[in-house]
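To keep things clear, I will list the structure first and then write my remarks on it.
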There are 2 protein chains.
Amino acid sequence: MARPRFASTDFLAAARALARQHGPAAVTVGSVIGHMGAPAGSFYYRYASRDLLLGELWLEIVLAFQKGFLAAIEAGDGLAAALHTPAWARENLEDARLLLLHRRRDFIHGDWPEALRNGVVRQEETMKTAVTRFAQATLGDAAPDNLNRARFALVEVPLGAVRMYLERREPPPPLADELIRAAYNAVIAP
Amino acid sequence: MARPRFASTDFLAAARALARQHGPAAVTVGSVIGHMGAPAGSFYYRYASRDLLLGELWLEIVLAFQKGFLAAIEAGDGLAAALHTPAWARENLEDARLLLLHRRRDFIHGDWPEALRNGVVRQEETMKTAVTRFAQATLGDAAPDNLNRARFALVEVPLGAVRMYLERREPPPPLADELIRAAYNAVIAP
DNA sequence: TTTATTCTAGAATGCATATTCTAAATCCTG
DNA sequence: CAGGATTTAGAATATGCATTCTAGAATAAA
């Protein structure tokens, strides 16, 4: 084989760097290979498409985020799950900006590549299951209103408390936690 | 003059319809003129660029939304301002989806057309001023933490309570108001 | 050393879009 | 009606991108 100069992970790393700096839309095949001085052929030797690259990037980040969230839910601690967002954002500011300031469809517009579809579906369902479990355990049952209440407390409130800081590239301050805690307690009867 | 078949407002209406159905990215010059059977020349006779069209659309919607919000703030009623989001979303479901499910940069990527720049800047500052006024009146002063607290209660919480419904094209139910009220009261000390 | 395999190289292709250009049609005014 | 202004019309141009293609270079295995 010809001397391998470019590994898959190199392309992924370049994509990540570009996405962090200029957003997912700026991750074009051209910008990626330009960023690392690789020819187009080398890219397509590793990745079947641009979508595959961006999809992998998103999935990797979302799964990393999810881990701590799920752990808290499984421990039955909803407040900890809600507070996981600012905590994770502090430790992973750049990835948090990527994940929380953009939508999934900013990474992949339209259908996901076959190779990733399973992973994405599993990710979605894992999240949905966690929220459902929380609703049942803490709110009594998984009636629609309870699911929405749970989702609000666990997902939307933390996101809202953190987004304004991420936009300024600042780690969420203690106030973010305080706001989340207050809203959580107000919405999830103790 | 040749018989005017296409008014500016026709293009704006077509853009709105397309954006509502498929998102701002689907508003291309081609899709707009295709949607109304107009030639490209007629479009460019009315609009200097696609950005101008999309920018006008966004600005029109955001200003419509803002009106009620500002009225509540000026009346000194923060809770009413927070509840304006679900109320407006109920009355303007499709525009609310457009405004709240997408970001400004999904309409205009990069620099805004000169013709709209003033309007956008004014819009931003009007909003910032309103939040500041609220912070001073209700939280004592406009220290950074107070501004962020105000923004959370007035903007982020309502958005979070409403987004999940908008995504499903459903008007926000009473629960949305209840969640907003609870979070608002918890965060804005009475 | 030969040969098959794995990659690098980067030019060529194709497609979706925005925008421009030129011509002609329609209407208003004198 | 003549002449100028306004609009329609839509083909032509330009650009940015993803992707494909064909050649050739570097390596491992035989």
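Every chain is numbered from 1, with letters handed out A, B, ... down the list of sequences.
- Rounded to an integer number of Å, the gap from OH of A:Tyr45 to P of C:dT5 is 12 Å.
- Note: B:Asn146 CG to B:Phe134 CZ = 10.0 Å, rounded to the nearest 0.5 Å.
- Atom CZ in B:Phe6 sits roughly 6 Å away from atom P in D:dT8 (whole-Å rounding).
- One atom, CG of A:Asp51, and another, P of D:dC17, lie 15 Å apart when rounded to the nearest Å.
- B:Arg3 has its CZ atom 14 Å from the C1' atom of C:dC28, to the nearest Å.
- At a cut-off of 3.5 Å, with distance as the only test, no side-chain donor of A:His102 or A:Arg97 sits close to an acceptor on the other residue.
- Atom CG in A:Leu18 sits roughly 15 Å away from atom C1' in D:dC17 (whole-Å rounding).
- Between B:Arg50 and A:Arg5, the residue anchored closer to the 5' end of DNA chain C is A:Arg5, taking for each the nucleotide with the nearest heavy atom.
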Can I get a per-line list of side-chain donor-acceptor pairs under 3.5 Å for residues 11-39 of chain B, giving both atom names and the distance, sequence neighbours left out?
from	atom 1	to	atom 2	distance (Å)
B:Arg16	NE	B:Asp95	OD1	3.4
B:Arg16	NH1	B:Glu60	OE2	2.9
B:Arg16	NH2	B:Glu60	OE2	3.2
B:Arg16	NH2	B:Asp95	OD2	3.1
B:Arg20	NE	B:Asp95	OD1	3.2
B:Arg20	NH2	B:Asp95	OD1	3.0
B:Thr28	OG1	B:Gly30	N	3.4
B:Thr28	OG1	B:Ser31	N	2.8
B:Thr28	OG1	B:Ser31	OG	3.3
B:Ser31	OG	B:Ala26	O	2.9
B:Ser31	OG	B:Thr28	N	3.0
B:Ser31	OG	B:Thr28	O	3.0

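- For A:Tyr47 and D:dA18, the OH to P distance is 15 Å, given to the nearest whole Å.
- Side chain of B:Arg46 to backbone of B:Phe6: a donor-acceptor contact under 3.5 angstrom is found.
- The stretch residues 20-40 of chain A touches DNA chain C through A:Pro39, A:Ala40, each having a heavy atom under 4.0 angstrom from the strand.
- Legend: residues meeting side-chain contact (heavy atoms from CB on, under 4.5 Å) with B:Ala80, ordered by chain and number and at least two apart, are B:Ala72, B:Asp77.
- We find that CZ of B:Arg46 is positioned 18 Å from P of C:dT19, with the value rounded to whole Å.
- Checking D:dT7, D:dT20, D:dA26 against every side-chain atom of A:Tyr44, the shortest atom distance belongs to D:dT20.
- Computed from coordinates, the B:His109 NE2 to C:dA18 P distance equals 14 Å when rounded to whole Å.
- Using cut-offs of 30° and 60° on the angle between ring planes, the pair A:Phe69 and A:Phe65 is parallel.
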